[in-house]
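The figures here come from the full heavy-atom set of this structure, side chains too, leaving out hydrogens, waters and symmetry mates. Being a predicted model, the structure only gives us computed values, none of them experimental. First listed ligand is number 1; within each ligand, the first listed atom is number 1.
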Amino acid sequence: MKNNLRSRLTVQFVLLFVFLYFSGGAVAIFVFANQLDASLDDELQDLACQILPAVDFPNGAPSLRRWASRAEARHDKLLSTVQVFDRSGTILEEFGPDGYRHLRRGTAIVEESSHEANPVHVRSRFLEIMEAGEKTGYLQVQVSVRQRDDALRQIVLTMVTLSPFLALAVALCGSWFSGNATRPVEEMMNLLRQFVVDAAHEINTPITVIDASVQTLEETFAEQNLTDEILPIITRASHRMRALGESLIVLSRMESPEYQFSVTRLRLREIIEPVVAECEQISRRKQQTLEVETIPDVAIMGHAESLERMLLNLLANAVRYTDAGGMVWLRFEVEGEKLKIIVEDTGIGIPKESLAHVFERFYRVDKSRSREMGGYGLGLSIVKAIVERHNATISVESKVGSGTSFITVMQIAP
Ligand code: ADP
């Protein structure tokens with residue numbers, strides 16, 4: 001339970017980190033890219049304002065030819081694209097690198113450029129050209145945003161490359177923190193489990209005294225040819241209490257990570273046969289048919305006593321919750337490395353809303369009926385704990401009035 005809780009907390013810690021890292025990173029990159037665009041737009045606006053006074057009108061149409069030849073004479077290399085458009089938005093002149101040949105504010109893609117093999121992304125800004133108070137055209141300036149894109153790509157790449165190392169560091173820290181956080185819980189759980197085991201052991205002493213006294217009384221009554229109805233009731237109650245104590249001890253042990261049991265290689269037949277022999281008698285008494293499919297010749301790794309108890313609980317339940325004349329099957333399926341053990345019955349079934357709870361401690365679907373049949377609602381909790389200790393899984397399918405199937409999936413030993 002400790003390791004389970006600790007690893008669950010660690011996984012949640014890492015998932016939270018990954019979510020925050022990437023969502024935070026995405027927001028930061030988005031804001032950063034917008035900031036870069038805004039400052040680039042400001043610079044383009046300034047540049048356009050600086051060039052605008054150089055526009056002249058040699059043939060009535062706006063032109064920057066003279067400005068360009070002066071710049072060429074000075075050997076000035078134009079890093080940005082400068083374009084002149086007429087009033088209707090048709091391009092008249094273009095200087096500098098190939099640009100996007102339409103009016104545009106914002107980002108545009110230059111599909112074909114004589115300088116670049118791939119499409120170039122440019123940032124673009126334009127101003128109106130006015131002559132004697134009349135709009136005569138547009139001046140547009142553009143600059144490639146490749147360097148900006150390269151920088152952003154580099155940031156994303158660095159973030160992604162660093163993420164596994166950071167996640168590992170977070171996992172290690174998370175595991176350390178959750179280990180510290182769960183220690184007090186684990187200590188309390190251990191105390192509680194020990195208390196249950198001790199209390200259950202202590203209960204055995206008075207039960208033994210009750211049993212011995214009842215036996216003496218029965219003998220005395222027999223000697224005096226007397227009959228009494230109370231004594232069988234006391235005997236039944238004390239047996240039930242003993243069974244409850246035993247169940248609590250088994251459950252506490254199975255759930256305690258400290259409790260180590262010896263795991264050996266077991267042939268499936270070794271576990272199944274004694275349990276079936278025990279259940280056959282009870283089912284015969286109830287005039288039920290217990291049908292056992294051919295047991296596959298496979299082995300599993302586990303603790304024989306616990307596995308027998310697990311099967312016994314499942315089969316005993318199937319018999320207990322199936323009326324006289326019903327059927328109980330024990331079936332097996334081998335699928336690759338997996339072994340399925342299916343306990344199926346034609347019994348009363350379990351309502352849908354109870355299916356999720358049947359493995360909980362002290363849970364009984366029909367309390368009065370279950371108690372009448374000797375159950376405390378601990379049988380399936382023990383089954384579940386044993387299954388988990390064997391790294392196996394168990395599931396239940398049921399239909400009220402038709403029957404129930406408990407399916408255990410275990411690993412076959414090589
Ligand atoms: P109990 O000792 O009361 O049988 P379990 O933990 O073994 O306790 O089972 C919990 C509850 O699940 C039972 O009270 C019963 O209502 C239901 N249940 C278990 N197995 C079956 C079954 N094969 N058919 C119908 N109901 C079942």
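- Listed by number with element, the atoms of ligand 1 under 4.0 Å from a non-hydrogen atom of Tyr376 are 2 (O), 3 (O).
- Residue Thr404 touches ligand 1 through its side chain alone, judged by heavy-atom distances below 4.0 Å.
- A salt bridge between Glu246 and Arg242 is absent, with no side-chain N of the basic residue lying under 4.0 Å from a carboxylate O of the acidic one.
- Ring geometry, Tyr138 versus Phe126: the interplanar angle exceeds 60°, so the pair is classed perpendicular (tilted spans 30 to 60°).
- Close contacts between ligand 1 and Leu378 involve ligand atoms 6 (O), 8 (O) [criterion: under 4.0 Å to a heavy atom].
- Residues Arg153 and Asp150 are paired through a salt bridge, judged by an N-O separation under 4.0 Å between the basic side chain and the carboxylate.
- The residues Arg87 and Glu134 are annotated as salt-bridged, a charged nitrogen and a carboxylate oxygen being separated by less than 4.0 angstrom.
- With hydrogens and angles disregarded, a donor-acceptor distance shorter than 3.5 Å links the side chain of Gln288 to the backbone of Thr322.
- Backbone and side-chain nitrogen or oxygen atoms of Gly379 are examined, and one is located within less than 3.5 angstrom of a nitrogen or oxygen of ligand 1.
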Could you list the donor-acceptor pairs under 3.5 angstrom formed by side chains in residues 297-305, with sequence neighbours left out?
unit_1	atom_1	unit_2	atom_2	d
Asp297	OD1	Arg267	NE	3.3
Asp297	OD1	Arg267	NH2	3.3
His303	ND1	Ser306	N	3.4
His303	ND1	Ser306	OG	2.5

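- Checked against the 6.0 Å centroid threshold, Tyr100 and His121 do not count as a close aromatic pair.
- Contacts of Asp37 classified as salt bridge (Lys or Arg N to Asp or Glu O under 4.0 Å), with partners at least two apart in sequence or in another chain: Arg123, Arg148.
- Residue-ligand proximity, Arg320 to ligand 1, at heavy-atom distances under 4.0 Å covers atoms 1 (P), 2 (O), 4 (O).
- Heavy atoms only, all atoms of each residue included: Ala181 and Val185 are closest at O-CG2, 4.2 Å.
- Per-residue contacts place Tyr363 under 4.0 angstrom from the following atoms of ligand 1 (heavy atoms of the residue considered): 10 (C), 11 (C).
- Taking all heavy atoms of Leu380, Asn313, Asp345, Leu314 into account, the minimum distance to atom 6 (O) of ligand 1 is reached by Leu380.
- The shell of residues lying under 4.0 angstrom from ligand 1, judged by heavy atoms, includes Ile350.
- For atom 20 (N) of ligand 1, the candidate residues are Leu355, Thr346, Asn317; the nearest heavy-atom contact is made by Asn317.
- Using a 4.0 angstrom heavy-atom cutoff, Gly377 counts as in contact with ligand 1.
- Look at Phe406 and you'll find a heavy atom under 4.0 Å from some atom of ligand 1.
- Looking at ligand 1, you won't find any N or O of Ser381 less than 3.5 Å from one of its N or O atoms.
- Remark: among candidates Val396, Val365, Val328, the nearest residue to atom 16 (O) of ligand 1 is Val365, based on non-hydrogen atoms.
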